[in-house]
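Position 1 is the first residue of the sequence, and the numbers go up from there. Basis for what follows: all heavy atoms, side chains included, without hydrogens, waters or symmetry-related copies.
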Amino acid sequence: MPPEDEKPGSASQGGSKMEEEDPERKKKKEEKAREKELKKLKALQKAEAAKNQSQQKPSTKKSEKKNQRRGGGAEEEKPEDFIDPETPNGEKKKLSPVMAKQYSPSTVEKAWYAWWEKSNFFRADADSKKPPFVIVVPPPNVTGALHIGHGLTASIEDLIIRWRRMSGYNTLWVPGMDHAGIATQVVVEKKIMRERKQTRHDVGREAFVNEVDYKDIKERTLLKVPGYQDPVEFGVLTSFAYPLEGELGEIVVATTRVETMLGDTAIAIHPEDKRYSHLHGKFAIHPFNGRKLPIICDAILVDPEFGTGAVKITPAHDPNDFDVGKRHCLEFINIFTDDGNINSNGGSNFEGMPRFKARLAVVEALKEKGLYRGAQNNEMRLGICSRTNDVVEPMIKPQWFVNCQSMAKEALDAVMDENNRKIEIIPKQYAQEWKRWLENIRDWCISRQLWWGHRIPAWYVILEDDQLKEIGAYNDHWVVGRNEEEALSEAFGKFQEKKFHIEQDPDVLDTWFSSGLFPLSVLGWPDSTADFNAFYPTSVLETGHDILFFWVARMVMLGMKLGGDVPFRKVYLHPMIRDAHGRKMSKSLGNVIDPLEVINGVSLEGLHRRLEEGNLDRSELIIAKEGQLKDFPNGIVECGADALRFALISYTAQSDKINLDIQRVVGYRQWCNKLWNAIRFAMNKLGDDYCPPVNIEVQQMPFSCKWILSVLNKAISKTVSSLEAYEFSDAATAVYSWWQFQLCDVFIEVIKPYFSAESKFDDSRKASRDALWVCLDTGLRLLHPFMPFVTEELWQRLPQVAGSCNRRESIMISEYPSVVDAWTNEPVEREMGLIESIVKSIRSLRSMMPPNERNERRPAYVMCHVDVVSDTIRRYELEISTLASLSSLKVLSENDAAPAGCSVSVVNEQISVYLQLQGNLNAEAEREKLQKKREELQKQHDNLEKKMSASGYKEKVPQNIHEDNLKKLNKLLQELSIIDEADRKLIDTGNGEN
C-alpha cells in the first residue's frame with residue numbers, strides 16, 4: 001500500500017464521502033439538482049417581481065438610495081449567476097460568478113474532495129525532508145455500515161492530519177478495513193444460504209465476550225432457539241443422583257444444563273463440609289457409561305451453603321469446571337459436535353441428538369434409572385450470540401496461544417515508566433486501566449474456528465503409520481512456516497525417512513491479532529521498505545477507550561516485539577457516543593445514527609425504511625420506530641459534513657461519553673450560514689478591484705483594526721496550544737468564539753461607518769479593508785482543519801495578493817496561522833473590553849423596552865467617576881454608538897445631573913449608562929431594576945466578606961489571592977455606592993415630576 005492520507009474507497013473526511021458512487025449516476029444527480037436549483041431561483045425571482053408590480057408604489061428616498069448603492073440602473077440579478085457551473089470529476093471546482101445568498105451544504109461540499117485527491121494533496125512522500133506525522137485509522141469492519149462513532153473517529157483524525165500538514169509536516173493518514181472474522185462469516189453464510197441453499201455449521205463458534213449478549217432469566221422460561229421447532233425451557237435447576245462406588249449410597253448434584261452430565265469427569269465438594277468428609281478420595285459411578293468419577297475437594301469452586309454442596313464437574317463445557325480440571329488433572333471429555341449435536345463420547349443412546357433434545361432424553365433416562373430428584377425455578381444468566389441469536393455453548397478446542405508475559409511487561413513500562421516513557425495516553429486516567437490489564441495478563445488465544453480471516457501459519461503432519469488421522473490428534477506433529485514450502489522443509493527435517501503429508505490448520509487468527517499488526521503491515525513490514533523506515537513508529541493512535549486492551553495493547557506488544565519500537569508515541573482515546581438521552585445506541589431502540597443521514601438529511605419515512613431493511617423482529621421494529629418518531633418527528637435536516645464534524649469535535653470535552661443531540665449539529669449548520677453571510681458582506685465591502693497588501697502596518701490602523709488583529713493572535717495561540725494538548729473541544733471553542741463573537745458580532749459591525757461616502761473615513765476605510773482581508777484569510781486557515789469544505793470554498797473566493805508566489809493552490813496545503821508578535825496589543829484589548837461592557841449594558845436596557853421601540857436609535861449617556869475613563873470613552877464614541885445603535889452619545893462626569901427620562905444601568909464601579917426613553921420615565925420601574933441589581937451585588941459582597949472573615953483565612957490563603965479578594969470587595973462596594981446614588985437621583989426625578 002503506497003503511503004497516502006486517504007484512498008478511494010476508504011473511510012473519508014468525517015463521513016462526507018463514506019460511500020463511493022457510480023460517476024455516471026453521480027453526474028446525473030448533480031445535473032438534476034442544478035436544474036432544480038435554477039427553477040427554484042427563477043420562481044423566487046418571478047414571485048418577487050410580481051410582488052413589486054402589485055405594490056406599484058412610488059420610490060421613496062430610502063429605496064432610491066438603496067438602488068443607487070446597488071448600482072442604480074445596473075442589470076437585474078440573473079439566477080444562473082448564483083449557481084456553480086458543472087465541474088468535471090477531479091478538476092478544481094468551478095465557482096458561481098456571484099456568491100449564493102444562502103449556504104447549502106450539498107452545493108458547497110461537492111467536487112472539492114475529488115480535486116484534493118487528484119491533485120495528490122493527501123499524498124505523503126517517504127523521501128520528504130519534512131518531519132513525518134502518521135496516523136493509522138482504526139479499521140472499521142468490512143461488512144458493517146458506518147455509524148456516528150466512525151464519524152467521530154474520522155473527524156478527529158482528519159482534524160489532526162490537516163492541522164499537521166498545514167504546520168509543515170509530511171503527513172500520512174493510513175486507512176484500512178478489519179476483516180471482522182465472525183461478522184463477515186455470518187454475512188457470507190447468509191449469502192450462500194440465500195443464493196445456493198448451502199450451509200456452514202461452524203458459524204459463531206468464537207467465544208469472544210464482545211460477541212455475546214446476556215439474557216437474565218428469573219424463572220422457568222420458554223425461549224425460541226434457532227434450529228428448534230419447539231421452544232426450549234431455561235431457568236430450571238435439575239437435581240439428580242450419582243450412585244457411589246462400593247454401595248456407599250448416592251450423592252445428589254444439580255445443574256441447569258443436565259445434558260452436560262454426559263461429559264462429567266468428577267464431583268467436587270468443599271474440604272471442610274462435614275456431610276461429605278467420609279467421601280474424600282471415593283468415587284461415583286456414571287449411570288450411562290460406568291465411568292468412575294472421583295470425589296474431589298475444591299475450596300475455590302464449591303460453596304457448601306449453595307444447593308447440596310456437591311458440584312458436578314464438566315471440564316470440557318464450563319469455564320469454571322475447566323479451571324477445576326486443570327487444578328486436579330481431570331479428564332476433558334467433549335460431548336458436542338461443532339453443529340451442536342451429541343457426539344460419540346455422549347454414548348450410543350444419545351449420539352446424534354441436538355443438544356436441547358438430548359436434555360429431555362437425559363432427564364427421561366435418569367427417571368428410568370430412579371436417579372431423577374426433581375426440578376425447580378432457578379434465576380440464571382443465559383449467553384446469547386449477538387449475531388445468530390443462538391444460545392452460546394462453552395466448548396474446548398485445540399488452540400494456539402501466545403505467551404504475553406514478557407511483551408506485556410515491555411508494553412506496561414512503555415506507558416508507566418516515568419524515567420523512560422515511550423507512550424503517552426490521553427486522557428491520562430486511562431493509564432491506570434492500561435496498568436490493570438497488563439499486570440494481569442494471561443496467555444492470548446489467537447485461534448478462531450472460522451473460515452474468514454488470516455489462516456494460522458501452522459501445518460499438521462499426518463504420518464502414513466499414524467493410528468489416528470484427525471488433525472491435532474498428536475501434539476508433536478505440528479510444524480510452522482511462512483508458507484507451505486517452509487512447513488514441508490521443517491516436516492522433512494523432523495520426520496526424515498517417514499512417509500507423510502501435511503494439512504494446514506483450518507483455524508484463522510484472532511481478528512485482534514491481525515489488526516494488532518496494522519501499524520506494521522500497512523508500511524510494508526516484514527520487509528524493510530522506504531515507507532517503514534520513514535513512517536514507523538507512527539505519531540498518534542486515535543480510537544475509542546473501549547478497545548484500549550483488545551487492540552491498542554496488542555499493537556504495542558506486537559510493535560515492540562516485531563517492529564523494534566512502540567508503534568506510536570501517543571494514544572488519544574475519544575469518548576463513546578450515546579444518544580441525546582444518554583442511552584447506548586442500539587438498532588432495537590431506533591437511536592442508531594448514520595452519519596450520512598445527518599450529512600445529507602433524511603425524512604422520518606427514510607429512517608423507518610432503514611429499520612425495515614434490517615433484521616429486527618416485529619416487536620423490536622415497533623419500539624424502534626416509536627423511538628425515531630419521538631427523537632426525529634420531522635426526520636433529520638441536511639447538515640453537511642462540516643457541521644457534523646464541528647459538532648462531534650466540540651463534544652470531545654465530555655471525556656467518557658458523548659450525549660449527542662442532533663439539534664446541536666443543526667445549530668452548527670446554521671452557524672455555517674452565518675459564516676457564509678459574513679464572507680458575502682466582507683466581499684461586498686472589499687469590492688471587485690480590491691488588491692490585498694503584501695504587508696500591513698498595524699500601528700497605523702484604526703483602533704478597531706488593531707483590536708481584531710490582537711484578539712486574532714490570542715485565538716491562534718489558544719487554538720494551537722489546545723491542539724497540541726489534544727484538547728480539541730477547547731480548540732474548536734477558540735476558533736468559533738473569534739469568528740462569532742469578535743469578528744462577526746463586533747468588528748464587522750464597528751467598521752460599517754467607514755464605508756459611508758464621507759471622505760473623512762478614506763484612510764480608515766482602506767485600513768479596514770486590509771484588516772478584514774487579513775482576518776478572513778487567517779481565520780479561514782485557522783478554521784480549515786475543523787471545517788474543510790466551506791473554508792476551501794470561501795478561501796478560493798478571496799482576492800489574492802498581486803504577484804504573490806506564496807499563495808498555495810488549496811487552503812489545505814497553505815500555512816497554518818501562527819502568532820504575529822506585532823499584532824498583540826493588550827491596552828487596545830482592555831479598552832475594547834470597556835467598550836463592550838458599556839454596549840452590553842445599553843443593549844440590556846434596550847431589551848427591556850416595549851418590542852416596537854427596541855430597534856429605534858436613541859440618545860445615551862455615560863456617567864464616569866474617573867477622568868481617565870471619561871477620556872477613553874470620548875475617544876471611542878463612534879464605536880460605542882455604532883455597536884449600541886445610538887443616535888448620539890454624551891459623556892457625563894459624576895458632578896453632572898442625571899439625564900431626565902432615562903433608564904439606568906451600572907456597568908462597573910466607575911461607570912453608569914443611561915438610555916433615553918420615549919415619553920415619561922417610570923421612576924418606580926427603574927428603581928425596581930436598580931434594587932434587583934443591588935441585591936445581586938450585595939449577595940456577592942456578603943459571601944466574599946464571610947469567606948474573608950472565616951477562621952484561618954489569612955493563614956491558608958496566598959497573599960496574591962487575598963489581595964485580589966480585597967480588590968473585588970472594594971469594587972463591589974463602589975458599585976453599590978453608584979447604585980445608591982442612581983437611586984437617589986431617581987427619587988429626586990420622581991419628586992420633581994410630582
Side-chain angles (χ1 to χ4, degrees), residues 141 143-149 180 182-201 203-204 210-236 339-340 354-357 359 379-393 577-598 601-636 660 662:
N141 288 353
T143 58
L146 295 179
H147 53 69
I148 205 73
I182 297 177
T184 304
Q185 183 153 314
V186 170
V187 170
V188 171
E189 296 238 355
K190 286 181 179 178
K191 180 177 172 66
I192 291 172
M193 174 57 72
R194 184 172 62 249
E195 296 178 357
R196 305 181 193 174
K197 304 301 180 187
Q198 295 176 343
T199 184
R200 166 98 162 83
H201 295 296
V203 172
N210 280 4
E211 307 305 335
V212 180
D213 291 334
Y214 291 95
K215 182 184 287 291
D216 290 319
I217 296 173
K218 301 295 182 183
E219 56 187 7
R220 292 175 192 256
T221 304
L222 292 174
L223 296 177
K224 182 67 179 171
V225 177
Y228 292 83
Q229 187 172 356
D230 298 324
V232 178
E233 187 178 56
F234 297 95
V236 177
D339 53 5
R355 54 180 169 159
F356 295 128
K357 289 185 177 179
R359 175 176 294 183
E379 189 172 334
M380 65 179 294
R381 170 169 273 197
L382 191 66
I384 304 290
C385 177
S386 63
R387 302 184 186 273
T388 65
N389 289 322
D390 209 342
V391 176
V392 173
E393 190 71 56
I577 299 185
R578 301 289 187 262
D579 69 8
H581 311 290
R583 301 173 303 177
K584 185 177 180 181
M585 289 190 176
S586 162
K587 291 178 183 177
S588 60
L589 291 175
N591 61 354
V592 173
I593 297 175
D594 184 334
L596 293 177
E597 291 174 343
V598 182
V602 63
S603 65
L604 179 62
E605 292 73 21
L607 291 170
H608 285 350
R609 198 176 305 117
R610 174 163 58 83
L611 290 176
E612 291 164 357
E613 292 169 355
N615 57 1
L616 296 178
D617 62 37
R618 184 171 179 79
S619 60
E620 289 176 325
L621 185 61
I622 292 171
I623 294 171
K625 284 187 173 181
E626 287 174 352
Q628 288 184 339
L629 177 61
K630 182 179 178 181
D631 288 344
F632 312 112
N634 301 311
I636 299 174
L660 178 64
I662 292 299

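Taking CD1 of I636 as the reference point, atom CG of L596 lies at 11.0 Å (rounded to 0.5 Å). To the nearest 0.5 Å, the span separating CG on L222 from CD on E233 amounts to 6.0 Å. Rounded to the nearest 0.5 angstrom, L611 CG and R609 CZ are separated by 11.0 Å. Put simply, CD1 on I662 and CD1 on I593 are 4.0 Å apart, with the number rounded to the nearest 0.5 Å. Going from atom CD of E597 over to atom NE2 of H147 covers 13.5 Å, rounded to the nearest 0.5 Å. The distance from the OG1 atom of T221 to the CG atom of D216 is 11.0 Å, given to the nearest 0.5 Å.
N389 has its side chain out of reach of K224: every pair of non-hydrogen atoms, C-beta onward, lies at least 4.5 Å apart. The side-chain heavy atoms of L223 and L382, taken from C-beta on, include a pair separated by under 4.5 Å. A heavy-atom distance below 4.5 Å is found between the side chains of K584 and R578. Between V391 and F356 the shortest side-chain heavy-atom distance falls below 4.5 Å.
Across V392 and I384, no two heavy atoms sit closer than the pair CG2-C, 3.9 Å. Listed here is the closest heavy atom pair of P595 and I148: CD-N, 3.6 Å. Taking all atoms of both residues into account, the shortest heavy-atom contact from M585 to V592 is C-CG2, 4.0 Å. Taking every heavy atom of both residues into account, Q628 and H608 meet most closely at OE1-ND1, 2.9 Å.
A salt bridge links R355 with D390: the distance from a Lys NZ or Arg NE/NH1/NH2 to an Asp or Glu carboxylate oxygen falls below 4.0 Å.
The environment of K357 atom NZ is sparse: at most 12 non-hydrogen atoms of other residues, nucleotides or ligands sit within 6.0 angstrom.
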